[in-house]
2 protein chains.
Amino acid sequence: MSHFGSGTEYGLHCLILLAQAPGAIISSRDLAELQGVSVYFLAKIFPRLEKAGIVTASEGIRGGYTLARPADEITVLDVVEAIEGRKPLFECQEIRGRCAVFGGQPPAWATAGVCGIHAVMIRAERILHDELARTTLSGLADGVGRKAPPGFETDVQAWLADRFESRAQAQIAAVKKPRPRRQNET
Amino acid sequence: MSHFGSGTEYGLHCLILLAQAPGAIISSRDLAELQGVSVYFLAKIFPRLEKAGIVTASEGIRGGYTLARPADEITVLDVVEAIEGRKPLFECQEIRGRCAVFGGQPPAWATAGVCGIHAVMIRAERILHDELARTTLSGLADGVGRKAPPGFETDVQAWLADRFESRAQAQIAAVKKPRPRRQNET
DNA sequence: TATAACACAGAGTATATTGCTCTGCGTTAT
DNA sequence: ATAACGCAGAGCAATATACTCTGTGTTATA
Ligand code: FES
Ligand code: FES
């Protein structure tokens, strides 16, 4: 297994989609089905992104998620920490104080400050975090956009708009009122 | 829980002890009891260090472990990878190819090369590894030695030497007084 | 040569996490 | 009123963590 779970991959891909459609409201179901991942699983990770202030949720029919701030103000680190939680790289259990030569009463110098091993880990963790914070969602979205042919992004938007409309039409079918509607596309 | 398990903390502390006594053969039991950690647990992680070529084992009574290489040629990364295994930071499941607009047949451009998200993770992982490879066991041992008062290291060596000798004398002692463990009791 | 301490392989255990499934509730637009 | 939504939380199989314990084979020494 890897250190980051698959939720991080799903989440980041979803957020790139949201970044490519600024202002659009997309439901977690549509995002899941567009990408072929579990609807239920994605529905579990989005509340974490909301609590972290990365996306905002709108409830009710036609509800869904939007980025809570501009895509260039959301870093990969923000997303990883929101989804994985703030797991430290290393958790010191202060075994240095348990050394048998101290006989249960470690002297002050032995437990003062941070253990050398722990210090290395703290430094490594900060460097890792700095690197992850260097890339933003807009940076990622640009990379994807540069790679795909020009028609692709509009295809995706069309797929999502289709989904969005089919929800409106379900209402029309049920209530038997004319006039479908299309809005957004900021 | 943290990304690195407690085995890494135990292992690194043990290896520092071995680095401070170059050439000495120390058993995993002595290392465990000196530091107040589980003898059994430590006995499970040392074979991994041996397979990674960090430490060499000698069997039989008076057996134990020694560093296989000079302490300044063993990096923290070597130890972490030996104990934790080579877990990648991130495991890409290529969900980009599952996009619904491709209809099960992703075009070549979509799956060519490495996904942008994956690329960020690979870069971060390499930076983390570089940082962990920057510190060696001798660097860690120096840090500990600088912090401890002059008498401490010799105290530890004395404790270990005592243990080592008591094994030779256990033969004599076994005749004089009954050993608690093991109820053969002939 | 008997024996005790060792390395090492492996099974066993309790607990936690992962990835995913499913149910139920309150909210909201039509 | 209804259907789709967010969201909280239970459940679940598979895996991982941190140990614990047993058994086998090796080696130095009395
Ligand atoms: S005591 Fe925890 S890393 Fe040294
Ligand atoms: S497809 Fe795996 S990270 Fe993008």
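Only a predicted model underlies this, so the values are computations on that prediction, with no experimental measurement involved.
At least one side-chain nitrogen or oxygen of B:Ser28 sits closer than 4.0 Å to the OP1 or OP2 atom of C:dA7. In terms of phosphate contacts, B:Arg29 brings no side-chain nitrogen or oxygen within less than 4.0 Å of OP1 or OP2 of C:dA5. A sub-4.0 Å separation between OP1 or OP2 of D:dA4 and a side-chain N or O of A:Arg62 is absent.
Listed by chain and number, the hydrophobic cluster partners of A:Ile122 are A:Val114, where partners are ILVMFWY side chains within reach of under 4.5 Å, directly or through others.
In this structure, B:Glu50 atom CD and D:dT26 atom P are separated by 15 Å, rounded to whole Å. The CZ atom of B:Arg48 sits 16 Å away from the C1' atom of C:dA7 (whole-angstrom rounding). Rounded to an integer number of Å, the gap from A:Ile95 CD1 to D:dA18 C1' is 14 Å. Taking atom CG of A:Leu42 as the reference point, atom P of D:dC7 lies 12 Å away to the nearest angstrom. For the pair B:Arg86 CZ and D:dA16 P, the computed distance is 18 Å after rounding to whole Å. The interatomic distance linking A:Lys51 (NZ) with D:dG6 (C1') rounds to 10 Å, in whole Å. Distance, A:Leu18 CG to D:dG6 P: 11 Å, rounded to whole Å. Note: CD (B:Glu33) to P (C:dA5) measures 12 Å, nearest angstrom.
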- Would you give a per-nucleotide map of nucleotides 18-23 of chain C, 5' to 3', where B means the base has a protein non-hydrogen atom under 4.0 Å away, S means only the sugar-phosphate does, and - means neither? SBBBBB

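A donor-acceptor contact shorter than 3.5 Å links the side chain of B:Glu9 to the backbone of A:Gln93. Side-chain atoms of B:Glu125 do not come within 3.5 Å of backbone N or O of B:Met121 as any donor-acceptor pair.
For B:Ile61, whose side chain is taken as the heavy atoms from C-beta onward, the closest listed nucleotide among D:dC7, C:dT30, C:dA4 is C:dA4.
Of the N and O atoms on the side chains of B:Glu84 and B:Thr8, at least one donor lies less than 3.5 Å from an acceptor on the other residue.
Separation of the B:Tyr10 and B:Phe46 ring centroids does not fall under the 6.0 Å cut-off.
Residue contacts for A:Phe46: at a heavy-atom cut-off of 4.0 Å it reaches no nucleic acid atom on any strand shown.
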- Query: Going through the checks in order, is the side chain to side chain contact (heavy atoms under 4.5 Å, CB included) test met by B:Leu128 and A:Ile127?
  - Reply: CA-CA 7 Å; B:Leu128 172 65; A:Ile127 284 175; over 6 Å; no

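Using a 4.0 Å cut-off between charged side-chain N and carboxylate O, B:Lys147 and B:Asp142 make no salt bridge.
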